[in-house]
Amino acid sequence: MQPMIPAARIAKSTLALPDWRQSMRDVVTGPRELLALVDLSELADRLPAANAGFPLRVPRSFVARMRKGDPNDPLLVQVLPVCSELDEVAGYSDDAVGDLDAVKAHGVLQKYAGRALLIAAGSCAVNCRFCFRRHFPYAEELAASHAWREALATLAADTSLREVILSGGDPLVLSTARLKEFTDALRTQPHIMRLRIHSRLPVVMPERIDDPFCDWLRAVPLQRVFVIHANHPNELDVTLAAACARLRDAGVTLFNQSVLLRGVNDNADVLTQLSERLFAIGVQPYYLHQLDKVRGTAHFEVADSRAHELMDALRAQLPGFLVPKLVREVAGDASKRPV
Ligand SMILES: *Cc1c(COP(=O)(O)O)cnc(C)c1O
Ligand code: SF4
């Protein structure tokens, strides 16, 4: 395990990182290239022939944090297509969390009181093999240029809303200028108090959190909440720590949510390290999600009984504020359901 990195010791903008748009163009999309980059070319003949319509996609910054020569590396297994994805497993479906029933307007999902979720972008910088929306018809739910207006009208009309959540896909694949267009239009809605962003880009492509992005967030006249999605302590390197320091400096409150994944983080020591190291870089553990039963992801499932054992171990080792809430999303529920 690497030592923890106190956020205060990270210089704010001094790390030399590539421009994020260049990094987006440079993502690794070839399974053979990925295996070569992590010294595992001998595994190439075990790759599945088909990719279930969900190709490999992973930013180089994330690849750089994988251990070389380890086929079980917890970062590698989150992104490498495997044959078991093609297994049909009972109970695993395409719309596991009822997203299609929750569509309120073009690009707007509302499942819970007071907060509406905007599918700001359909794509993402990475393709996680367990992605809860790998079969979701993004293209139809995009808040594309003309559709911002319809989404905004929906948010304006419902004065019970307090919070707008930018999600996706990943909202941070949009340019900062596009994000600003949206929040500029939102600022005239007095009932909206909070802007929440759910994004895995600070983790998989920390260079996205650049100065123009932070300047935009600093200037948004709402409370700003940012939920990063980290699953394993090895994802937390100095570049992510610096991105979190910049976000905090812009007045943003940081949380983390993880997905409980077999072979990645179904281990009490790993989850303990994750919470400790998140807090060391200024991020509050929030949720630990039981996997959504999305077709092609059954090999990541962790039984509830095992999840309970892990939570007991976390409670025995950590202060209460570092223990994430174990939840599952159940279609039709009024909130995420405690497991
Ligand atoms: C998960 C989710 C939220 C956020 O739920 P919190 O419990 O507030 O974190 C909001 N809207 C939708 C549609 C969601 O799926
Ligand atoms: S970061 Fe989130 S939206 Fe993007 S592929 Fe992974 S799980 Fe899906």
Side-chain angles (χ1 to χ4, degrees), residues 24 27 29 51-59 62 75 77-81 95-105 107-136 138 141-142 151 154-155 158 161-174 194-205 208 225-232 235 253 255-261 264 284-292 294 296-297 300 324-338:
M24 286 293 281
V27 291
T29 54
N51 58 34
F54 195 61
L56 180 137
R57 184 175 170 82
V58 55
F62 197 66
L75 279 58
V77 302
Q78 292 181 62
V79 298
L80 186 69
D95 182 27
V97 291
D99 275 357
L100 293 175
D101 293 333
V103 175
K104 211 179 160 191
V108 181
L109 293 185
Q110 190 179 3
K111 295 181 181 174
Y112 310 134
R115 52 230 197 266
L117 184 150
L118 209 76
I119 299 177
S123 62
C124 190
V126 62
N127 279 343
C128 306
R129 304 320 298 174
F130 49 86
C131 184
F132 55 117
R133 292 195 176 110
R134 60 187 276 167
H135 309 287
F136 196 74
Y138 287 128
E141 301 308 330
L142 261 184
T154 307
L155 302 176
D158 185 349
L161 291 177
R162 293 288 170 270
E163 178 171 317
V164 172
I165 303 174
L166 293 180
S167 184
D170 199 305
L172 268 57
V173 303
L174 299 177
R194 289 184 298 276
L195 175 72
R196 183 189 335 179
I197 296 176
H198 273 257
S199 170
R200 188 151 154 82
L201 259 77
V203 177
V204 299
M205 193 183 281
R208 175 66 186 92
V225 174
F226 200 121
V227 184
I228 69 169
H229 293 196
N231 295 322
H232 191 281
E235 295 171 20
T253 304
F255 294 100
N256 180 67
Q257 73 174 39
S258 311
V259 184
L260 184 57
L261 298 165
V264 174
Q284 171 72 52
Y286 179 35
Y287 280 145
L288 177 62
H289 275 265
Q290 268 294 35
L291 189 74
D292 296 326
V294 173
T297 67
F300 285 117
K325 292 183 242 195
L326 179 69
V327 293
R328 160 177 289 126
E329 184 161 349
V330 180
D333 272 15
S335 70
K336 307 285 188 247
R337 184 183 291 189

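When a ligand or atom number is given, it counts from 1 through the structure's own listing order. The structure presented is a predicted model; accordingly, all values stated were derived computationally and were not measured.
Those atoms of ligand 1 that come under 4.0 Å of a heavy atom in Y287, given as number and element, are 6 (P), 7 (O), 9 (O). Using a 4.0 Å cut-off to heavy atoms of Y286, the atoms of ligand 1 that qualify are 6 (P), 7 (O), 8 (O), 9 (O). When each atom of ligand 1 is checked for a heavy atom of K336 under 4.0 Å away, the hits are 1 (C), 2 (C), 3 (C), 7 (O), 14 (C), 15 (O). The contact set between ligand 2 and R200, taken as ligand atoms under 4.0 Å from a residue heavy atom, comprises 1 (S). In summary, the atoms of ligand 1 found under 4.0 Å from a heavy atom of R196, numbered by their order in the structure, are 4 (C), 6 (P), 8 (O), 9 (O).
When side chains are defined from C-beta on, Q284 does not count as touching T253, because their heavy atoms never get closer than 4.5 Å. Side chains of P55 and T29 form no contact here, defined as non-hydrogen atoms less than 4.5 Å apart.
By the 30° and 60° cut-offs, the orientation of the rings of H229 relative to H198 is perpendicular.
Judged by distance alone, with hydrogens and angles left aside, the side-chain atoms of R129 form a donor-acceptor pair with the main-chain N or O of F54 at under 3.5 Å. D170 places a side-chain N or O within 3.5 Å of a backbone atom of R200 that can act as its donor or acceptor partner. Judged purely by atom type and a 3.5 angstrom limit, Q110 uses its side chain to pair as donor or acceptor with the backbone of Y112.
One option in V79, V126, V204 has a heavy atom closer to atom 5 (S) of ligand 2 than any other, and that option is V126.
Take D292 and apply the salt bridge (Lys or Arg N to Asp or Glu O under 4.0 Å) test, not counting sequence neighbours, and it matches no residue. For R194, the salt bridge (Lys or Arg N to Asp or Glu O under 4.0 Å) partners at least two apart in sequence or on another chain are E163.
Residue contacts to atom 8 (Fe) of ligand 2: C131 brings an N, O or S atom closer than 2.8 Å.
Contact annotation: Q110 has no heavy atom less than 4.0 Å from any atom of ligand 1. Within the structure, the closest approach of G168 to ligand 2 does not fall below 4.0 Å when heavy atoms are considered.
Residue contacts with ligand 1 for V227 are absent, since no atom lies close enough (heavy atoms, distance under 4.0 Å). Both the backbone and the side chain of C128 come within contact range of ligand 2, each with a heavy atom under 4.0 Å.
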